[in-house]
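The block underneath contains the structure these notes are about, expressed in structure tokens.
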Amino acid sequence: MLTGISHHTVYVLDQEEALAFYCGKLGFEITSDVDLGFMRWLTIALPSEPGRQIMLEVPGPPFADDDTAAQLRDLMTKGALGAAAILTADDCRATYEELRAKGVEFTEEPTEQPYGIDCALRDPFGNHVRITQPAAGPVEVRDEDMQRWQG
């Protein structure tokens, strides 16, 4: 039986720039940085969740051929790969203000949602990242919320 998620990938164009953003601004820490010769295995995690790591991967071999890597880079920079991560915070509004003060550019300000308080940003490469302060208790999605989300 599965017991958890240890790693997931966020595509980036430059791993050093990704470290500056994810570690320098968002507060992640490096969990591994290994030169495998054919690629750099670079993972980060939040100090509060060291067992849940994000691999900062540059699209390319060995996971993608050159044509596929070019397509991934194009989709990423257009913001078309969907949410790279949904992060949680105890206080979404305070986190928003703290990160704005560090120069993080947001695409959405903190907004009340049925599931909590939520805001959004894009990393330097175009990836969507959301920050959510989860609501206490069960979440009930109303018809008007569904209509608003569907546009």
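Criterion: ILVMFWY side-chain heavy atoms under 4.5 Å apart, direct or through other members. Under it, M55 and M76 are not part of a common hydrophobic cluster. Connection of V104 to L13 is established within a shared hydrophobic cluster, with ILVMFWY side chains joined at heavy-atom distances below 4.5 Å, either directly or through further cluster members. The hydrophobic cluster containing F63 also contains L36, counting ILVMFWY residues as joined when their side-chain heavy atoms lie under 4.5 angstrom apart, directly or transitively. In terms of hydrophobic clustering, with Ile, Leu, Val, Met, Phe, Trp and Tyr side chains grouped at heavy-atom distances under 4.5 Å, I54 and I86 are assigned to different clusters.
Side-chain contact between P62 and M39 is present, with heavy atoms from C-beta onward closer than 4.5 Å. No side-chain heavy atom of D90 sits less than 4.5 Å from a side-chain heavy atom of T95. Put simply, the side chain of L121 reaches to within 4.5 Å of the side chain of F21, judged on heavy atoms. Proximity of L26 to L99: side-chain heavy atoms (C-beta onward) are separated by under 4.5 Å at one or more points. Counting heavy atoms from C-beta on, the side chains of V10 and D123 come closer than 4.5 Å. Counting only heavy atoms from C-beta outward, the side chains of W41 and D35 never approach each other to under 4.5 Å. Counting heavy atoms from C-beta outward, P124 and D14 have side chains that stay 4.5 Å or more apart. Taking the side chain as every heavy atom from C-beta outward, I117 and D91 never approach each other to under 4.5 Å.
Ion pairing between a basic and an acidic side chain is recognised when a charged N comes within 4.0 Å of a carboxylate O; K102 and E98 show such pairing. In summary, K25 and E105 do not engage in a salt bridge, as defined by a charged side-chain N under 4.0 Å from a carboxylate O. By the 4.0 Å N-to-carboxylate-O rule, E16 lies close enough to R40 to be salt-bridged with it.
With rounding to the nearest 0.5 Å, the separation of OH in Y22 from CD in Q15 is 12.5 Å. Between L46 atom CG and C23 atom SG the span is 9.5 Å, to the nearest 0.5 Å. Summarising the geometry, atom CG belonging to L56 is positioned 8.0 Å from atom CZ belonging to F125; distances are rounded to the nearest 0.5 Å. Rounded to the nearest 0.5 angstrom, R100 CZ and C119 SG are separated by 10.5 Å. Once rounded to the nearest 0.5 Å, the distance linking CG of D65 with CD of Q71 reads 8.0 Å.
Here the shortest heavy-atom pairing between A45 and Q53 reads CB-CG, 4.2 Å. Residue R93 comes nearest to P110 through the heavy atom pair CG-CB, 3.8 Å, listed as atom of the first residue, atom of the second, then distance. H128 and G79 make their closest contact through NE2-O, 2.9 Å (heavy atoms, listed as atom of the first residue, atom of the second, distance). Of all non-hydrogen atoms in T31 and I44, the two that sit nearest each other are OG1-N, 3.6 Å. I131 approaches A89 most closely through the heavy-atom pair CG2-CB, 3.9 Å. For G27 against P47, the heavy-atom pair with the smallest separation is O-CD, 3.4 Å.
Side-chain contact annotation: D118 with T111, donor-acceptor N/O pair under 3.5 Å absent. In summary, the side chains of T132 and T88 do not present any donor paired with an acceptor at a separation below 3.5 Å, with no hydrogens or angles considered. A donor-acceptor contact closer than 3.5 angstrom is absent between the side chains of Y11 and N127.
Looking only at distances, a side-chain donor or acceptor of Q133 sits under 3.5 Å from a matching main-chain atom of C92. Distance alone, capped at 3.5 Å, is enough to place a donor-acceptor pair between the T77 side chain and the R73 backbone.
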With side-chain contact (heavy atoms from CB on, under 4.5 Å) as the test, would you mind laying out the steps for L87 and F28 before giving the verdict?
CA-CA 11 Å; L87 309 174; F28 284 81; 3.9 Å; yes
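Applying the 6.0 Å contact sphere to CD of E109 captures no more than 12 heavy atoms from other residues, nucleotides or ligands.
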